[in-house]
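FYI, the numbering just counts along the sequence from 1.
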Amino acid sequence: MSNNTPPIGPKYKRIVLKLSGEVLAGPGGCGIDPDQAETIAAKIKTVYDLGVQVGMVIGAGNLWRGARGVAQGMEQATADHMGMIATVMNGLALQDALERIGVPTRVQTALQMNQVAEPYIRLRAIRHMEKGRVVIIAGGTGNPYFTTDTAAALRAMEINADVIIKGTQVDGVYTDDPKVNLSATRFDHLTYSQAIEYRVRVMDLTAITLCMDNKMPLIVLNIWDDRSLFDAVLGHPVGTLIDAD
Ligand code: UDP
């Protein structure tokens, strides 16, 4: 091998993968479909097998969102607590799917549920990843009025991740909704300020601002594309990169 050959291996050694709860939903768009969990687990295994340390933050839109309860007159804190609890169910479904294909995992949660998951402890989460366990960080931030996007940004900072990868149903950030506006074009790159200015809907403003303040790069990609997660981790241009440059 010549000295000029670029090193083969992942560009990002430790990632936080943020997935919305909808990735686990069955055909009707709600609930938990173990087949979907299996498909996602197989994708995670491809990067796990590269030696990448994986922390995951999972949402709960497939089960419950606080806003739904608020729209029907519920107290927001109560409705949000229900949402955070729902993320733990999704976390357990992912854990089960990963363990079944031989990927060791731990579920940690910001809301204490000692019988089913460890409490979220930053240094312990890091230690698990160093020991080759995928850590599924559930329970959001543990606080109502936040989202799991913000939890992903917060946890990425706390565990010194190299990047946040947000897996969605669309292959990046577009100038407009590509499902409605067929002439919408995809951004390969955005700065944090542009993402805030354009009010991109793919990640909430609190999360993007947190990433900006801490220079945490963010990649938005289609999680259902065959190789998108794998390629992104290797550093190939995939989806939309949001960073400071
Ligand atoms: N949630 C919360 N605090 C958090 C994270 C989540 O209160 O730190 C609640 C909130 O009600 C939210 C629900 O949990 O609607 C599910 O999270 P999210 O909407 O982020 O799920 P996703 O859209 O990613 O599936």
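When side chains are defined from C-beta on, M212 counts as touching I196, because their heavy atoms get closer than 4.5 Å. Inter-residue side-chain proximity for V134 and H128 is flagged as unmet; no heavy-atom pair is nearer than 4.5 Å. Considering only heavy atoms from C-beta on, R14 comes within 4.5 Å of I126 through its side chain. For the pair D213 and T209, the minimum side-chain heavy-atom distance is below 4.5 Å. Contact check for I223 versus L19: side-chain heavy atoms found under the 4.5 Å cut-off. Considering only heavy atoms from C-beta on, L241 stays 4.5 Å or farther from D188 through its side chain. The side-chain heavy atoms of M129 and I159, taken from C-beta on, include a pair separated by under 4.5 Å.
A donor-acceptor contact shorter than 3.5 Å links the side chain of E99 to the backbone of T105. No donor-acceptor distance shorter than 3.5 angstrom exists from the side chain of N214 to the backbone of M216, with no hydrogens or angles considered. Looking at D176, its side chain never comes within 3.5 Å of a backbone N or O of A184 through a donor-acceptor pair. The closest donor-acceptor contact from the side chain of T175 to the backbone of T185 lies under 3.5 Å. The closest donor-acceptor contact from the side chain of Q108 to the backbone of I121 lies under 3.5 Å. In this structure, the side chain of D162 engages the main chain of K13 through a donor-acceptor pair within 3.5 Å. No donor-acceptor distance shorter than 3.5 angstrom exists from the side chain of H236 to the backbone of A232, with no hydrogens or angles considered. Counting only distance, with no hydrogens or angles, the side chain of D171 and the backbone of G239 share no donor-acceptor pair below 3.5 Å. Here the side chain of T240 pairs no donor or acceptor atom with the backbone of G172 at under 3.5 angstrom. For T191 (side chain) and Q194 (main-chain N/O), a donor-acceptor pair under 3.5 Å exists by modelled atom type.
A pairwise comparison of heavy atoms in G66 and A79 identifies O-CB, 3.4 Å as the closest pair. Here the closest non-hydrogen pair linking G102 and P104 is O-CD, 3.4 Å. The heavy-atom pair separating A151 from G140 by the smallest distance is CB-C, 3.5 Å. For the residue pair D33 and P27, the shortest heavy atom distance occurs at OD2-CD, 4.1 Å. Closest non-hydrogen pair, R155 versus V57, comes out as CG-CG2, 4.3 Å. When all heavy atoms of T150 and A207 are compared, the closest pair comes out as OG1-N, 3.7 Å.
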Residue pair I58, T148: steps toward the side chain to side chain contact (heavy atoms under 4.5 Å, CB included) verdict:
CA-CA 7 Å; I58 180 83; T148 52; over 6 Å; no
How far apart are the C-alpha atoms of K43 and W224, what are their side-chain angles, what is the distance that settles it, and do they pass the side chain to side chain contact (heavy atoms under 4.5 Å, CB included) test?
CA-CA 9 Å; K43 288 176 186 297; W224 300 112; 4.2 Å; yes
Quick one, D243 with K215, criterion side chain to side chain contact (heavy atoms under 4.5 Å, CB included). Give me CA distance, side-chain angles, the key distance, then yes/no.
CA-CA 7 Å; D243 68 9; K215 296 193 169 48; over 6 Å; no
May I have the step-by-step check of side chain to side chain contact (heavy atoms under 4.5 Å, CB included) for C30 and L63, ending in yes or no?
CA-CA 6 Å; C30 12; L63 300 172; over 6 Å; no
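Clustering ILVMFWY residues whenever any of their side-chain heavy atoms sit less than 4.5 angstrom apart, transitively, puts L218 in a cluster other than the one holding L221. When the side chains of ILVMFWY residues are joined at heavy-atom separations under 4.5 Å, either directly or via intervening members, L94 and V103 end up in a single hydrophobic cluster. Linking ILVMFWY residues whenever their side-chain heavy atoms come closer than 4.5 Å, directly or via other members, places L98 and V47 in the same cluster. V88 and F146 fall into different hydrophobic clusters, where Ile, Leu, Val, Met, Phe, Trp and Tyr residues are linked whenever their side-chain heavy atoms come under 4.5 Å apart, directly or through other members. With hydrophobic clusters built from ILVMFWY side chains whose heavy atoms lie under 4.5 angstrom apart, L24 does not share a cluster with V16.
Of the charged side-chain nitrogens involved, at least one lies within less than 4.0 Å of a carboxylate oxygen, so that D149 and K166 count as a salt-bridged pair. Salt bridge E118/R106: present, at least one basic N to carboxylate O contact under 4.0 Å. Taking a cutoff of 4.0 Å between a charged side-chain nitrogen and a carboxylate oxygen, R227 and D225 do not qualify as a salt bridge.
Considering only residues two or more places apart in sequence or on other chains, R65 meets the salt bridge (Lys or Arg N to Asp or Glu O under 4.0 Å) condition with E22.
Note: Y12 OH to Q53 CD = 16.0 Å, rounded to the nearest 0.5 Å. A distance of 10.5 Å separates CD1 in I164 from CG in L17, rounded to the nearest 0.5 Å. With rounding to the nearest 0.5 angstrom, the CE atom of M74 is 10.5 Å from the CD atom of Q76. Here the CH2 atom belonging to W64 is positioned 11.5 Å from the CD1 atom belonging to I85, to the nearest 0.5 angstrom. Taken to the nearest 0.5 Å, the OG1 atom of T109 stands 9.0 Å off from the CE atom of M84. Atoms CD and CG, on E197 and L190 in that order, are 10.0 Å from each other to the nearest 0.5 Å.
In summary, the side chains of N222 and T168 do not present any donor paired with an acceptor at a separation below 3.5 Å, with no hydrogens or angles considered. Side-chain contact annotation: Y120 with E158, donor-acceptor N/O pair under 3.5 Å present. Side-chain contact, H189 with D245: no donor N or O sits under 3.5 Å from an acceptor N or O.
Around the CE atom of M89, the shell of radius 6.0 Å holds no more than 12 heavy atoms that belong to other residues, nucleotides or ligands. The environment of D226 atom CG is sparse: at most 12 non-hydrogen atoms of other residues, nucleotides or ligands sit within 6.0 angstrom. Within a 6.0 Å radius of NZ in K45, no more than 12 heavy atoms belonging to other residues, nucleotides or ligands are found.
When each of I165, I219, V238 is checked for a side chain to side chain contact (heavy atoms under 4.5 Å, CB included) with S228, only V238 meets the rule.
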